[in-house]
Amino acid sequence: MSFTLYDAFVPTVRQLLGALPGVIAKAEQHVADSGCTDADLIEARLADDMWPLPWHIRSCWVHSGYALDQLTGTQFTPDFTQIPESWDSMRAMVAEASEKLAEVTPEQVNDIANRQIDFVLGGETRFTLPGERFLLGFNLPNFQFHATTFYDILRMKGVPLSKRDYMGNPAGPMFQQR
């Protein structure tokens with residue numbers, strides 16, 4: 001049995017995306033229970049020079065479902081035009097990325113492996129990588145960083161989360177938790 005690019009990327013991203021709606025729900029519940037406001041969490045950052053909470057959901061979207069759309073060609077240009085402004089818009093962005101990952105076929109992802117991908121930012125190519133390295137060495141670490149940062153900001157603000165909330169179902173979205 002061979003291990004494919006699809007196997008290395010899609011199940012892990014689907015697992016963490018699958019956990020995000022639960023994390024968002026706990027953040028909303030924390031607002032209701034603690035007396036803080038939505039803005040107290042939505043505007044929160046780990047450090048002054050880092051992006052606020054919703055940016056990290058957008059980045060999870062960019063480095064998962066959106067990346068798969070971009071990588072069908074030969075360029076990846078991040079899209080940060082619509083930063084979610086509410087819990088519902090964050091949930092919608094996660095759902096959109098989850099749907100894309102549920103629909104993509106192993107053949108579509110594996111076809112990316114040997115294609116040369118240019119990272120284009122501000123109209124300028126910053127670097128070029130083989131598709132496999134682009135997906136596993138750029139998109140996957142970025143996705144994990146932003147999913148972790150989203151979780152960390154909420155923990156820092158007192159939302160009662162555990163590692164299990166972050167990880168979701170390790171067996172993947174196709175299996176039921178017991």
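All residue numbers refer to positions in the sequence shown, counting from 1.
A search for salt bridge (charged side-chain N to carboxylate O under 4.0 Å, His left out) contacts involving Arg155 returns nothing, not counting sequence neighbours. In this structure Asp38 satisfies the salt bridge (charged side-chain N to carboxylate O under 4.0 Å, His left out) test with no other residue, sequence neighbours excluded. Taking the ring pair (Phe, Tyr, Trp, His ring centres under 6.0 Å) definition, one finds that Tyr166 meets it with Tyr151, sequence neighbours left out. Residues passing the salt bridge (charged side-chain N to carboxylate O under 4.0 Å, His left out) test with Asp118, sequence neighbours excluded: none. Applying the salt bridge (charged side-chain N to carboxylate O under 4.0 Å, His left out) rule to Asp79 yields the partners Arg58; only residues at least two apart in sequence or on another chain are considered. Take Trp55 and apply the ring pair (Phe, Tyr, Trp, His ring centres under 6.0 Å) test, not counting sequence neighbours, and it matches Trp51, Phe80.
Aromatic ring orientation, Phe76 versus Phe119: parallel (interplanar angle below 30°, classes split at 30° and 60°).
At least one side-chain heavy atom of Leu154 sits less than 4.5 Å from a side-chain heavy atom of Leu41. Within the 4.5 Å cutoff, the side chain of Gln70 has no heavy atoms near those of the Gln75 side chain. Side-chain contact between Val109 and Leu135 is present, with heavy atoms from C-beta onward closer than 4.5 Å. When side chains are defined from C-beta on, Leu68 counts as touching Ile112, because their heavy atoms get closer than 4.5 Å. Side-chain atoms of Leu46 and Met156, non-hydrogen and from C-beta on, do get closer than 4.5 Å to each other.
Between Val31 and Cys36 the shortest heavy-atom distance is CG1-O, 3.3 Å. Listed here is the closest heavy atom pair of Ser64 and Leu17: OG-CD1, 4.0 Å. When all heavy atoms of Cys60 and Ala147 are compared, the pair lying nearest together is SG-N, 3.4 Å.
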When you look at Thr77 and Leu121, which way does the side-chain contact (heavy atoms from CB on, under 4.5 Å) test go after all the steps? CA-CA 6 Å; Thr77 302; Leu121 190 61; 5.9 Å; no
Using the side chain to side chain donor-acceptor pair (under 3.5 Å) rule, take Asp7 and Thr4 through it: C-alpha gap first, then chi angles, then the decisive distance, then the call. CA-CA 5 Å; Asp7 297 329; Thr4 67; 3.0 Å; yes
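Residue Phe138 is grouped with residue Leu5 when hydrophobic side chains (ILVMFWY) are merged at heavy-atom distances under 4.5 angstrom, including chains of intermediate members. There is a path of hydrophobic side-chain contacts, each under 4.5 Å, that joins Leu20 to Leu161.
Other residues, nucleotides and ligands contribute at most 12 non-hydrogen atoms within 6.0 Å of the CD atom of Gln82. For Glu85, the CD atom counts as loosely surrounded, since its 6.0 Å shell holds 12 or fewer non-hydrogen atoms of other residues, nucleotides or ligands.
Under a 3.5 Å cut-off, the side chain of Asp165 and the backbone N or O of Ser162 do form a donor-acceptor pair. Side-chain atoms of Arg45 do not come within 3.5 Å of backbone N or O of Leu53 as any donor-acceptor pair. A distance-only check finds no donor-acceptor pair linking the side chain of Thr12 to the backbone of Phe9 [under 3.5 Å]. For the pair Asn110 (side chain) and Tyr6 (backbone), a donor-acceptor distance under 3.5 Å is present.
Between Phe145 and His63, the distance separating the two ring centers is not shorter than 6.0 angstrom.
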